[in-house]
Amino acid sequence: MSDTTEFVIEPGRQDIIMTRVFDAPRELVFRVVTDPELLPRWWGPRFLTTRVERMEVRPGGQWRYVNSDAHGREFFFRGVYHDVVAPERFSRTWAFEGWPADVALETVTLVEVDGGTKYVAQSVHQSVEARDAIIRADGPRGGRESMDRLAEVLASR
């Protein structure tokens, strides 16, 4: 299995594709990424803690997470689930409340590969500029650290 997270970030496009292969069955990966009790253990960069305020994993269900840093600053994220097909995929909108002008559509697909699971997250932003702002804000680092933390949670199950 891969211990690296790969990104496809092409100039002039509105999307970011993040891929990681986990040494865990697809059902387990799906359960961990959709369980509000487990999500705070892996979502976000390591220097932040995560609190789940709402997580309704069903079409039309809403979600809202809060990241907090060591200084007590909080960062709010929210969206709506649009498609949930366990254990294969889910699609949801995704917005940072500090910048509500950009609402991305994220689709997470879980594919069985060689006894493990390939996690593919494609986020499509409203514009190239909005996507590039995520890149400049070091979004891929946060994604990479989330995937590393997710691998740790999966290894402990």
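- Each side chain to side chain donor-acceptor pair (under 3.5 Å) pair with one or both residues in residues 65-77, not counting sequence neighbours, appears once here: T50-N67, R51-E74, Y65-R92, D69-R73.
- In the hydrophobic clustering of this structure, L110 does not group with V8; members are Ile, Leu, Val, Met, Phe, Trp, Tyr whose side-chain heavy atoms approach within less than 4.5 Å, directly or through other members.
- By the 30° and 60° cut-offs, the orientation of the rings of F30 relative to F90 is perpendicular.
- Under the rule for a salt bridge (charged side-chain N to carboxylate O under 4.0 Å, His left out), R157 has no partner lying at least two apart in sequence or in another chain.
- Partners of T107 according to the side-chain hydrogen bond (donor to acceptor under 3.5 Å, both in side chains) rule, which considers only residues two or more places apart in sequence or in another chain, are S91.
- The hydrophobic cluster containing F22 also contains L28, counting ILVMFWY residues as joined when their side-chain heavy atoms lie under 4.5 angstrom apart, directly or transitively.
- The CZ atom of R26 lies 10.0 Å from the OG1 atom of T109; values are rounded to the nearest 0.5 Å.
- To the nearest 0.5 Å, the span separating CZ on R46 from OG on S146 amounts to 9.0 Å.
- Shortest non-hydrogen contact noted between T117 and A24 is OG1-O, 2.7 Å.
- By the 4.0 Å N-to-carboxylate-O rule, R13 lies close enough to E10 to be salt-bridged with it.
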Tell me, with the steps shown, if W63 and V80 meet side chain to side chain contact (heavy atoms under 4.5 Å, CB included).
CA-CA 6 Å; W63 66 275; V80 176; 5.9 Å; no
For side chain to side chain contact (heavy atoms under 4.5 Å, CB included), just list the numbers for Y119 and V33, CA-CA rounded to whole Å, side-chain angles, deciding distance to a tenth of an Å, and then say yes or no.
CA-CA 10 Å; Y119 177 108; V33 300; 4.1 Å; yes
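- Remark: E27 does not engage R31 in a salt bridge, criterion side-chain N to carboxylate O under 4.0 Å.
- Contact record, P40 with P36: CD-O, 3.2 Å, taken as the closest heavy-atom pair.
- Rounding to the nearest 0.5 Å places CE of M147 at 8.5 Å from CZ of F7.
- The shortest distance between side-chain heavy atoms of L154 and V29 falls below 4.5 Å.
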For the pair R64 and F76, evaluate side chain to side chain contact (heavy atoms under 4.5 Å, CB included) and give the outcome as yes or no after the intermediate values.
CA-CA 7 Å; R64 188 173 195 239; F76 299 87; 3.1 Å; yes
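- Below 30°, between 30° and 60°, or above 60°: for W94 and W43 the angle between ring planes is between 30° and 60°, a tilted geometry.
- A pairwise comparison of heavy atoms in A95 and V103 identifies CB-CG2, 4.2 Å as the closest pair.
- Expressed to the nearest 0.5 Å, how far CE of M18 lies from CD1 of I9 amounts to 10.0 Å.
- When all heavy atoms of Y81 and M55 are compared, the pair lying nearest together is OH-CE, 3.8 Å.
- Cluster annotation: V108 is connected to V52 through the hydrophobic network of ILVMFWY side chains, with a link wherever side-chain heavy atoms come within less than 4.5 Å.
- One hydrophobic cluster, built from ILVMFWY side chains closer than 4.5 Å, holds both L39 and F77.
- Residues G12 and R131 approach most closely at N-NH2, 4.0 Å, considering heavy atoms.
- Across L105, I16, D132, a single residue satisfies side chain to side chain contact (heavy atoms under 4.5 Å, CB included) together with H125, and that is I16.
- I17 and V21 are assigned to two separate hydrophobic clusters, defined by single-linkage of ILVMFWY side chains at heavy-atom distances under 4.5 Å.
- Residues R78 and R54 are not in side-chain contact: their nearest non-hydrogen atoms beyond the backbone lie 4.5 Å or more apart.
- Here the CD atom belonging to Q14 is positioned 9.5 Å from the CG atom belonging to D102, to the nearest 0.5 angstrom.
- For the atom pair CZ (R149) and CH2 (W42), the distance works out to 9.5 Å, reported to the nearest 0.5 Å.
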Report the C-alpha distance between T4 and R20 in whole Å, list the side-chain angles of each, state the deciding distance to 0.1 Å, and finish with yes or no for side chain to side chain contact (heavy atoms under 4.5 Å, CB included).
CA-CA 6 Å; T4 59; R20 175 82 173 246; 5.8 Å; no
